**Q** 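Please find one structure pasted underneath; my questions will follow.
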Amino acid sequence: MFTMQKELFRQLFKRAFTNQFPVKHAPKSVAKLLEDVGKGKKKINPPVPVPDDFRGKLAYDKDKCIGCQMCTRVCPSKALVFDTKTRKVKYYLSRCTFCGECVSICPVKCLSFTKEFLLADYRKD
Amino acid sequence: MTLEKKENSYSICVGPVHPALKEPVKLNMEIDGEKVIGVDFELSQVHRGIEWAATRRNPLQVLFLAERICGICNMCHMLSFSRAIETIGDIHAPPRAEYIRVIGAELERIHSHILWAGVAAHELGFDSLMHYTWKLRENVLDTIEYITGNRITKGLITIGGVRHDIPEKKIPRILESVNFYYSHFDKMAKVFLNDPVIKSRTRDVGILSRRDALTTCAVGPTARASGVKKDVRKDEAYAAYQDFDVEPILPDAYTGEIHGDVYDRVLVRLLEVKQSAEIIEKAVKSMPKGPIAWEEKPAVILAKLKPLVGEGIGRHEAPRGEVIHYVKLVGEESPYSWKVRAPTYNNMMPWVPMLMGEQIADIPIIAASIDPCMSCTNRAVSADKTTTMYTMDQLRRLSFLKTRELKRGLGK
Amino acid sequence: MIDLLVARILMIVPVTVLGIFIGLLYKGIDRRLAARMQARIGPPLVQPFRDVKKLMLKENIVPRDAVAWVFNLMPFVALASSIVLLMYVPLFGYPPLLEGHGDLMLVLYMLMFPSLALVIGGFASSSPYATVGAQREMITMVSYEFPLAITIVALAWLVSATAPGAAAFSFSAITAIPVWHLVGVLGSIGLALLFAVIIFVTTGEMGEVPFDSAEAETEIAGGLLSEYSGRNLALFYLASAIKILVLGSVVIALFIPFGISGYAGLSGIAGEAADIGFFLVKLFIVMFISSTFIRVAAARFRITQVVKIYWGYTTMIALLGLVLIGLDIFMGVI
């Protein structure tokens, strides 16, 4: 009985569990904050580190690509589209579901995962 | 279906948008004072046409589409779909892959049940407990991310195997996570099962008798809490589950009696977290060596799947209950037909006996006690309301007619 | 005499502003501490001020079927009655602003006004959620009123028995000598029980979590307040902020009216400042126990359970306290 109540009282004197990424409270102006960070006036708390096998944004090595179109066949969301002119693929990040099927099917390993995950943006390109 | 009206009664609708429901479903309640005297629900607020989309994709693409059916228990759909395809092609995943599938499925169960526990606490107005349980849930999410590369969508399964191996160096991290849940289990159990306020809000609330559970075809923890011994992991013993001797957990294992109320459903889920941790520990320690997939190269898999013809059914015990996938292949690149039956579909009819006669205050916790997942359930939508709705008896009569027709065809 | 009255009237505005400021500040502290207990960071302390500012800028939406004038009037009634209450309770160890024009009994009745305004506003908004909430709020009010009345009657009895001739229900008589000095061992136990009761009742008065079935976010989507928005909601919010100060001050005046300046040997302005600071600390402690901690550490009760707890257990404890104090008085008389 009252286990939770004791635990709550204990937590009152502990550090908060929340990771304070990027800053503790929402700033008045994000642009100002970024400027300050750029100048080194303020520091951004780092995000929780991601493991080695993290499936983040795709990296595409255009020179290695042989234009076999295998990746466009397995992509479930049509994020990779073949461009007939250049014989290379176009990568639409906003459609990508990060399943990794293209990475495993690519015969020349020109597609790979990066650890980048802060991909939200106002613009679609 | 219209609800019966009584003098002085009024109606309240919970949903489609309501703070108690995280997903859209409309519960129409007829209320007399604070007492529920009539229950009806309307589905199909989030129809997404997933099954239609699947008929335009090849099986490897559908696999990831299936993963997107549910945001919480995503692996169960992947696994069921690939098992359905495997039955058609008589494909057998290697033993190591089966073990990894079990580990993934059980990690998902821990994650789903703890998430549910937090939601249940929130429905009771105990937000601190929600924050506390979700804090504990972070550990399993980190482990899933460590193994598969993402916190929620695992992308672990491929047809005839798994996509990510669990190498030797990753095992200590999994065992650490298992131990974390062992050490926190007692506290969780104390908080949920012995707290006087929670107990007074959940004991003898929303009772589903064993009979009602059977007649309304409840599945998963909802059925088990009412004393129905039903668990696909035991009944079908697919993947590597036969090696772990999974026993369906009934609430009398802990309290010695079965009420079939919300308290029992909390209890069953909590005990299943511990059971899952035990299964993972055993699986990790006894994982056989060998390949992780029937065929490593996705291109070869596609080529081998293309000529397949036939129908297959894949079952899996998802955290919420039994998932069934039906797939029909006709030798083309994409499946001819795909039907998903998510556990919430079965667990919704029990709402009616559960909610009848209860107070308004108990609607959210009772509705949440089956762990509803609407997006998984909505497979069909009636665009024009004139379409005939069949009752169960009519459907049964239709199936009799069809069987007779088929028999006649065979006789010829 | 007239000068004094004018001075008092002039004081109304600053006291109101101060009341709102302290009330909102305590709401900020409350949210922060609740967040820390849940292992979160929580909003900045100024968040309640920002909330009020934003709500004030927002549009007022009146439901189509609502009784518009009642619906729009009730937030003002709630705020006005809260401000009037503020004039009748002793703040910072000073006598109430309108002393002599009303006593504890009046405060007891006035305390129902903000809640009643909520109830009427809820009924007027025509939403079934608000109607259910209003019914529940009425039931809750009736439930906690009884133990509260017992507590106050017990204290008044104690004051009138030990100091005959004093106006038993006036704050000045009760705060003049702390009640703990008037009783023996039995009476102290009785007083402690009553103290616990009033702390518990305060939780209900403020509509915080175990007793917030009238608002019940997950059940009836905000209940009473479900149709309120914009400025009307802001007024209710301010009314509840003032109510925090009022309730805290009543509890402090009844049970812990001690000043610190006498013990610390301070006098003059330093003494006054110390007393004001000490009052804020006392207010904080009362708020932390009766609101923040209970609200964080419990699940919501069903309305039937609320009635059972207040009419059953809490009333029992209050009666026990009353009997103990009575015994103490009679033993003292004999």
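Please read all numbers here as calculations on a predicted model, not as lab measurements. Throughout, a chain's letter reflects where its sequence line sits, starting with A, and its residues are numbered from 1.
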**Q** Can you tell which part of Phe98(A) gets under 4.5 Å to a heavy atom of chain B, answering side chain, backbone, both or neither?
**A** both

**Q** For chain A, which candidate among Thr148(B), Leu65(B), Asn58(B) shows the most heavy-atom pairs at distances under 4.5 Å?
**A** Thr148(B)

**Q** So what's closer than 4.5 Å to chain A heavy atoms on Glu138(B): side chain, backbone, both or neither?
**A** side chain

**Q** Counting neighbours of NZ on Lys109(A) that are heavy atoms of other residues, nucleotides or ligands and sit closer than 6.0 Å, is the number greater than 12?
**A** yes

**Q** Let me know if Leu302(B) has heavy atoms under 4.5 Å from chain A in its side chain, its backbone, both or neither.
**A** side chain

**Q** One pair to check against side-chain contact (heavy atoms from CB on, under 4.5 Å): Val50(A) and Glu145(B). What are the steps and the verdict?
**A** CA-CA 8 Å; Val50(A) 293; Glu145(B) 189 184 33; 4.0 Å; yes

**Q** Side-chain donor-acceptor pairs under 3.5 Å in residues 71-79 of chain A, sequence neighbours left out?
**A**
residue, atom, partner, partner atom, Å
Thr72(A), OG1, Gln69(A), O, 2.7
Arg73(A), NH2, Glu333(B), OE2, 3.2
Ser77(A), OG, Arg95(A), O, 3.0

**Q** Any chance OH of Tyr336(B) has more than 12 other-residue heavy atoms, nucleotides or ligands included, within less than 6.0 Å?
**A** no

**Q** On a heavy-atom basis, which atom in Gly155(B) and which in Arg55(A) lie closest, and how many Å separate them?
**A** N-NH2, 3.9 Å

**Q** I'd like to verify something: which residue of Asn150(B), Val191(B), Thr158(B), Leu60(B) has the highest number of heavy-atom pairs under 4.5 Å with chain A?
**A** Asn150(B)

**Q** Where does Lys297(B) contact chain A at under 4.5 Å (heavy atoms): side chain, backbone, both or neither?
**A** neither

**Q** Within the supplied structure, the quantity of interest is the number of heavy atoms (other residues, nucleotides, ligands) at a distance under 6.0 Å from Lys115(A) NZ; does it exceed 12?
**A** yes

**Q** Can you tell me how far OG1 of Thr97(A) sits from CD of Gln61(B), rounded to the nearest 0.5 angstrom?
**A** 10.0 Å

**Q** So, using side-chain hydrogen bond (donor to acceptor under 3.5 Å, both in side chains) as the criterion, who are the partners of Asp61(A) when residues are at least two apart?
**A** none

**Q** Between Arg151(B), Arg57(B), Glu67(B), Arg163(B), who has the most heavy-atom pairs with chain A when the cutoff is under 4.5 Å?
**A** Arg163(B)

**Q** Once you round to the nearest 0.5 Å, how far does CG of Asp53(A) lie from NE2 of His164(B)?
**A** 8.0 Å

